[in-house]
Structure formats: structure tokens, C-alpha cells
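These notes concern the structure reproduced below.
Letters go in sequence order (proteins before strands), and every chain restarts at 1. Every value quoted in this text rests on a predicted model; they were computed, and no experiment measured them.
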There are 2 protein chains.
Amino acid sequence: MSDSQELGITESKEHATGEWYAEVIQKAKLADYAPMGGFIVTRPRGYELWERLQNHLDSWFKDTGVTNAYFPMFIPESYLEKEKDIVEGFDPEVAWVTHGGYDELEERLAVRPTSESIITPFLAQWTRSHRDLPHRVNQWCSVVRWEATETKPFFRTKEFLWQEGHTAHEDGDEAWDEAMTRLDQYEKLYEDVLAIPVLRGRKPDHDKFPGADTTTTVEALMPDGKSVQGATSHYLGQSFAEAYDVTYVDEDEAERTAHTTSWGLSWRSLGALVMTHSDDQGLVLPPALAPEQVVIVPIWQEDTKDEVLEYAEELALDLDEEFRVHLDDRDERNPGFKYNEWELKGVPLRIEVGPHEVDDEEVTLVHRPDGETETVDRDGLDEAVGDHLDAVFAKLKADAEENLEENVREAHSREDILGTIGQHGGYVKAPWCGDEDCEDPIKEAIAAEIVMVPMDPDEDPIGDECAICGEEATETAYFAKSY
Amino acid sequence: MSDSQELGITESKEHATGEWYAEVIQKAKLADYAPMGGFIVTRPRGYELWERLQNHLDSWFKDTGVTNAYFPMFIPESYLEKEKDIVEGFDPEVAWVTHGGYDELEERLAVRPTSESIITPFLAQWTRSHRDLPHRVNQWCSVVRWEATETKPFFRTKEFLWQEGHTAHEDGDEAWDEAMTRLDQYEKLYEDVLAIPVLRGRKPDHDKFPGADTTTTVEALMPDGKSVQGATSHYLGQSFAEAYDVTYVDEDEAERTAHTTSWGLSWRSLGALVMTHSDDQGLVLPPALAPEQVVIVPIWQEDTKDEVLEYAEELALDLDEEFRVHLDDRDERNPGFKYNEWELKGVPLRIEVGPHEVDDEEVTLVHRPDGETETVDRDGLDEAVGDHLDAVFAKLKADAEENLEENVREAHSREDILGTIGQHGGYVKAPWCGDEDCEDPIKEAIAAEIVMVPMDPDEDPIGDECAICGEEATETAYFAKSY
């Protein structure tokens, strides 16, 4: 493979989204496929995106009372079985450890698919009085779900990285507020860091987390018209607290049962990030997550090399304090090659400097992805770079918002739903009676499903009659194909 | 259990070290035992120590060219088998996943005991030219080793948290330097952050990491006279590079085989931390890791409550920017109870303020663990608190240094080694012929072993004849009982 083949993305985002996505992930060195189907290796440039995302979310969690902890990655089968909904929900997807060394285990151990069943018993153990509440613990870890589907890095892998938060509260209102706080933070992460607008809502009852009272979600629309469940926050009511005995003595010395929540965001968010903004030149990254925010490419001939390089080095030094800046001074590559490489890797802002820029004490700034170019004074460059990075972010966000706005449509019959999703993709909202049976014909025909319903219980549905069965509509369902 | 029982450590560090240790870990809320033997739950106060330790080490790694990544937690059996030393070394300790969902897997998967065998093949895949080298990847993750010994939180658990770094280099010198850079950083972490002096050395050949050319170690002496292997850094030579085909084309277009290293530090370092500094009142923590560095305890009567609380709140606000400070203004607890609780939890510096302090614009500072007390002006409190935290660190370090210095002894015969360790514990250095057979009689008699030999190959042994067999001594062996 020649160097230029290695850099060039050969697939088209528009015409072969899946292949294009896999190519971007690998050529931008975010991840590789592991030898076992369903697993990936997250390379340093991919992991750095996860680390930066973690830093944002983790600091918000901590600012709002969450503490990190670490629970065992194995869960005894008998513990899983205490919450029957959990078992039923995850049984077909659990990886089992049956042997330790040369010996068969007396009880097999599940590799955690999620940790309610090991964490909730400890919340119970740590709780005696109302003074011990609330508990808010979170862990950043990997979990395993043995789904037999095609591997899609970050979107669909048998092992994935995520955070899972688990809380216990005195009453239902406080627990509900907790679930909403986390949903707000997920929304903020998508909108303010990843530059991806989301729709907030709850999952229909038949698609809730096993055992949950309410599962809430942020949904993001991908450019191919499919929805991604971006993160979920579950109000668990008292089902888990009852199953695992999370009780406390209240101020009046009465024993009461706690209310719990759980909430999680996985590296699927990185998949949504890549899918949303990247293009046929490669990765596109919002400045807050980019490993390099600015790359400086000097352009010289033999007789101007010294002055240009010196100028470029001074710029790098100037910008280094405030930005993640990289000076690409490689001798063995020409500027065109460097442009391609850094575009592939998603650097939001390129600084080009040649002899003209040196003479005029200027620099040329080029935006990724749209190539917008401006020449600015070297004086005050710090501020200009900050402004231009903000501008890049704003453009990414605006494009994604436009895509979302254009792709929420309304339908009032089965044919209308099928036809609209079939033609345009995106979301189709329709009045719905609340019965799972009315989702089935859509699912069977075009593999679209109800990805959310709006959260406000007082909001009237957008029509009186269910678009499918014609019975009374009780809510508005958002249908979409989904990752 | 009454509140005071809950706070009090009932076991004695000196007379029942193991029981005392387990009690401190649980009562200071660092960790609990999980339902499965060999596993623990790391509670928020314990995990915060790990996070702060991570922040130090991770930033040093990154400053010296290391990038984080994440590899699958499962390793196919056939991959493990490619490096026969690895298999032989870890086979008895591997946890095996045999089923995914309802189906038996075609090839069973090891839960990683360490990741050379899954990471090295990818280092090979990412390497074509000398320009691709060096690779320096690290992951923070958990690993599993199914050792059938008694659980000791952080010291001995079947699953443990660690970091494992893996690097590949053009030649042996560079790889050796890499291994030394990491050993230096481990030493710095112990000495400058954990306040624990260490001895640097290498493991005897018969106790190297399976497949390594050289295993280097930092060893820390615990107060009960046993040594803890604090972290290891392995120069792997070309054995792994050959087994997994890490080759590159050098500047002269010749194909060559790389040299690799690996290095790891686990949460055992937290065990060493607790064991070294804590006392019969509970946890003692160096300021850099303490969740709260300063606790303010106001002392009031009904008629002075308002002024004292106001003063305490102002102090908390003043200190908040520079330190992790907590104001304990609970109404339902008296100052004595609060002192005990924060001593148990290991807060390095307590600030006491009552009406006298308010009147004189002063505060009283009390050190943990030795109770040294000083009253200082409120003016310039920031600086005083900084100085006193430094003083607390210096005292912890000095005590640990004294313990180490007093407990390295010399011996020149088998009886001498046995008697000295039997009587004093600690390290006994003795001239040694290099033969594993000469360790056996010491191991069998008192379960002490050679924990390290000094690293300098030119250094003469401390005697001419092996203390055990009387043959020519080639090096100096440090014998000790070990965790």
C-alpha cells in the first residue's frame, strides 16, 4: 500500500456509509478489529477522544455529588437471579466464566453486562439511616454483552467502555430529579462538547431497561437517517431497592424502602461523533476533543527554509500554552501530503506559513472541514485562533442541527409512516395508542421502531387517533430506524 | 453497633497487623469484601486514592511519550499459547470464559492476567519502518489472576486494578532505558507522593516475569518487617518481539526485530500506603492523596455558635481555592466525635476554632498522626497550612525511612540469615552464588525469599562466598518475607 493510498478515504459517506465509517475509524487510527469477532482495539488516538469526553462528564458528575468507585467485574449467577427482570433481560447476552485455573467453579460468574445486581446489595449494606442517603456512585469500566451482530467499532461491540452511575434516595421525587440531572448532563455533553443536537424523551414501556419504572434517553440523528440512542437514564422506582433490600430508618424511626436510579453513557458516543461530522477526507473533530487543535504546516523552498521554520517554531511556542498545537516540520513530506494527513486525522484548524506570511507578520488559518481560509495578523494570534476554533465548532453544530430539524416529520397513518421513513429516513412522529402491537407492523416492514416518546405527561399527542390502529391516541411516538 | 464502636479501631497494628489492616480498610470505608472470595468492592474513599495516584503517574507517563489505549479484556487461548513462557507462567491462574449467552464458545477466552499476548501482535501490525518506532502504549484496567490465597484488600485479590505499559523499540539500549524510565517514575511515586522509601533492584533469574530478559522492581518495607513488591518494569529483550513478529525495516532497508518492555503498578500500592503510615486510630494519608487535606472543626456553646460558625465558614472559603478543605458543621455531633472520625479517615491537618480563636483572629492546627499542635494567625493562613501539610508529609517520610534504614542487615551464613529475619524481619543481604537451590532452604524454613538483587552488574557482592553453599558469590541477595 502506497502512502497516498494509506491516507485516502476511498469509500463515500453518502453512498456507502458503513464501509466509509469503518475506513475512517481505521485510517484515522482510532481503532482496529481484534482477532475475536465483536471486539476492537482502541488505539491511542481513539482512546484520547474517550479520555477527553470522560474528563468533561466526570467533572460534571463530581460537581453534582457523584463519587467514583469500582465493583467486581464478575457477578455470581445467584446475584443476577435476585432481580428476575435483569436476568430475563440479559441472560441471552451474558459471557460466563466457568473455570479458574484448572478448576471448575462451584458457581459460574457472569462478566458484568451492567452492575445493578452487584452494586445495589452494597447500597443496601451502606444504608441504615436517612442520613446515609443519597448514595451516588459511578464507575468507568468495561461491560460485556454477547450480541451476535456484525461488529461496528464503538457502535456495536461485545465488550464496550462506559460509565454506569447508581444512586439511592429517600423518595421518588429526589430519585426522579437525579435521573433528570444525569439526562441533562448527557444532553449537554452531546450538544456543547460533541456538537450533536439530541432529542430528549423516554423509551416506550415495552423497550424500557429491565426492571425500570422509566427509561429516559437522548437520541441523536445520524446523517444516514438512523437514530442513535446516545445515553440512557433510568428511574428505577423501588423495584431494585425491594429486590436487594435497600431500606432505611426515616426521621420518625419508621423503616422505608429507598428509590434508585441508574444511568449510563458508552463509547457509542464516539461512534456518533465520527458518524455525524466526518467526511470523505476523513475525521472531523470538535475542538474540545481533538488531540491536536491546531497544526502548523510550514511551506518552504531551500532558500527560505530557515526563516520559515523559525517563524513556525515561534508561533508554536506562542500558542502552546493555550492550545494543543503541533508543528509538522517533517523534512520528508511535502505540504500537500501533510494537509491530507491532518485532514484525515481531524485537526480543526490548520495554520499555513510560508515566506509571504513571514514577511508580512501574518498567518493563514484554514478550517476543517469546509476549508474556509483567512489570513490574520500574527499579533493577537491567540485570540484569533480561539475565535476560529469557536467558529469551527459553531459550523459543525449548525450543520447537525439543520440535519435534525429537516428530518423530523409527521405522519398519521401506517402507510404515511412507512413511506416517509422509507423515502427520507429520520424521525417520523405519529399519534400512538401506547400498545406495542402497533409498533410491530412498522418494525416488520422496514425495521424502524419507536425510539422515544416526549417526556411531558401533560403534552397532548399530535392527533386523536393512533396512526396504526385508529384507537384513541395517548402519546406521540417518534419512529426511526436505529443503530 | 454503636457510633463509637463503629469509629474505633479495636485491633492493634503492632500485635495483630493483619486484623488491624482489615479493620482500617473497612472502617475508613476504603473497601468491602465482595460476595465471591478473592474480590473486593472499592468504595468511593478508596477509589479516590487510586484516582489521585493515577493522576500523578499518568501525567508523568504522558510527559515522557506514553499514550493510553484500550485492548480487549479477553484473550483467545491460541494467542496466549504463542508465547510459551507466558502460558506456563499464568496457566494455573487464568479465569476462562467458555460460554457466550446460551452457547459454548468454539475457543475459550482467558480473562487477561496481563496483556502482552494481545498487545504485542498489534505493536507488530502497526510497525513497518523504523519511523513507526518507538510505540509506547499504556492501559489502566483490571486483570484477573485466580490465586487461591486468602483475600487481603489491595494486597491480594483475584481481580485487581493496575496500569500496564507496553513498548517496542529499535534496539536493546533504548528498550532498557525505557524500562529504567518507568522504574524511576515508580520510585518517584512511592517516595514523593506516597511517602514510602523503596529499594531498587532486579528479581533473581528464577523469579523473573515469564519470558523477560530482566525484571526490575521497587521494594517497600512494611512496618511488620515484610517486603512488598511495589511495581515491576520488565526489559523483555526480543523474546516477545520474536514470538509475535514485531519487525521493522531499518534505515538501510534491512529487516530487524524490535526490543520490547512492559511495566506495571497495581492497587497493591494502596495497600502499602495504608500499611505503612496508618495507626491504631485509623488511616493516615499523605496530603497529596487525601480526599480532604484539611478539616475544620468548630467548637461552640449555644451563645458562641453564630460567631464561631461564621468564622469557620470564612476560613473554609479562604482555604478552598488552594486546598481540599471540609468544614464539619454538623449539629448532632460533638467535637470529640468529629476528631475521632476524621482521624479514622486520615485527614492530615485539623483546624480547631472556638471563641478564643475568633477573638484573637487565630486558628489551631493539629497534625495527623502525631497530634502536634500549633496556634497561628489567621492572617497568612494559606501559607501556614501549606507549610504544615509539607511538615506532615516530611514526618511520614522520615518515619518510613528510619524503619527502612534500621532494617537492612547483613548475614554470611544460612543460620545468620534465618536468625536475623526470624528475630527482626526486614531485609537481610547476603553474598549469593546465583543458584535458586540456595534460596530453597531459607524459603522452606521461614518462607523468606530473595526479593531483589542490586542492579549494578559491576558492583561486587558483599562477600566472596555464597552464604548458603560456600561456592563463589556473584551477587548480593536481599532476603525478606514478602507480601
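For the pair A:P35/B:I118, a side-chain contact is recorded, criterion being any heavy-atom separation below 4.5 Å from C-beta on. Side-chain contact check for A:W140 versus B:E51: every heavy-atom pair is 4.5 Å or farther apart. By the 4.5 Å heavy-atom criterion applied to side chains, B:M36 and A:F74 are counted as neighbours. When side chains are defined from C-beta on, B:W126 counts as touching A:R43, because their heavy atoms get closer than 4.5 Å. Residues A:H99 and B:T98 have side chains in contact (heavy-atom distance under 4.5 Å, counting atoms from C-beta outward). Counting heavy atoms from C-beta outward, A:W146 and B:L105 have side chains that approach closer than 4.5 Å.
In terms of non-hydrogen atom pairs under 4.5 Å with chain B, the most contact-rich of A:R131, A:Q125, A:Q139 is A:R131. Counting heavy-atom pairs closer than 4.5 Å to chain B, the top residue among A:F90, A:W50, A:Y47 is A:Y47. Interface remark: of the candidates A:T67, A:I75, A:L161, A:L161 forms the most heavy-atom pairs closer than 4.5 Å to chain B. The choice from A:A95, A:P92, A:A110 that makes the most heavy-atom pairs within less than 4.5 Å of chain B is A:P92. When A:V111, A:L109, A:V97, A:V41 are compared by the number of non-hydrogen pairs under 4.5 Å with chain B, A:V41 comes out ahead. Most heavy-atom pairs under 4.5 Å with chain B, from the set A:M73, A:E93, A:E48: that is A:M73.
Residue contact with chain A, scored on non-hydrogen atoms closer than 4.5 Å, involves the side chain of B:E332 exclusively. Contact annotation for B:R145: neither backbone nor side-chain heavy atoms come within less than 4.5 Å of a heavy atom of chain A. Heavy-atom distances place both the backbone and the side chain of A:D91 under 4.5 Å from chain B. Residue B:F122 touches chain A through its side chain alone, counting heavy-atom pairs closer than 4.5 Å. Contact annotation for B:E147: neither backbone nor side-chain heavy atoms come within less than 4.5 Å of a heavy atom of chain A. When heavy atoms are compared at a cutoff of 4.5 Å, B:E107 does not approach chain A at all. Looking at A:R45, there are no atoms closer than 4.5 Å to chain B (heavy atoms on both sides), in backbone or side chain. Only the side chain of A:E159 comes within contact range of chain B, with heavy atoms under 4.5 Å apart. For B:V137, the part lying under 4.5 angstrom from a heavy atom of chain A is the side chain only.
To the nearest 0.5 angstrom, B:F71 atom CZ is 8.5 Å from A:D32 atom CG.
In terms of heavy-atom proximity, B:A69 sits nearest to A:T42 at CB-O, 3.3 Å.
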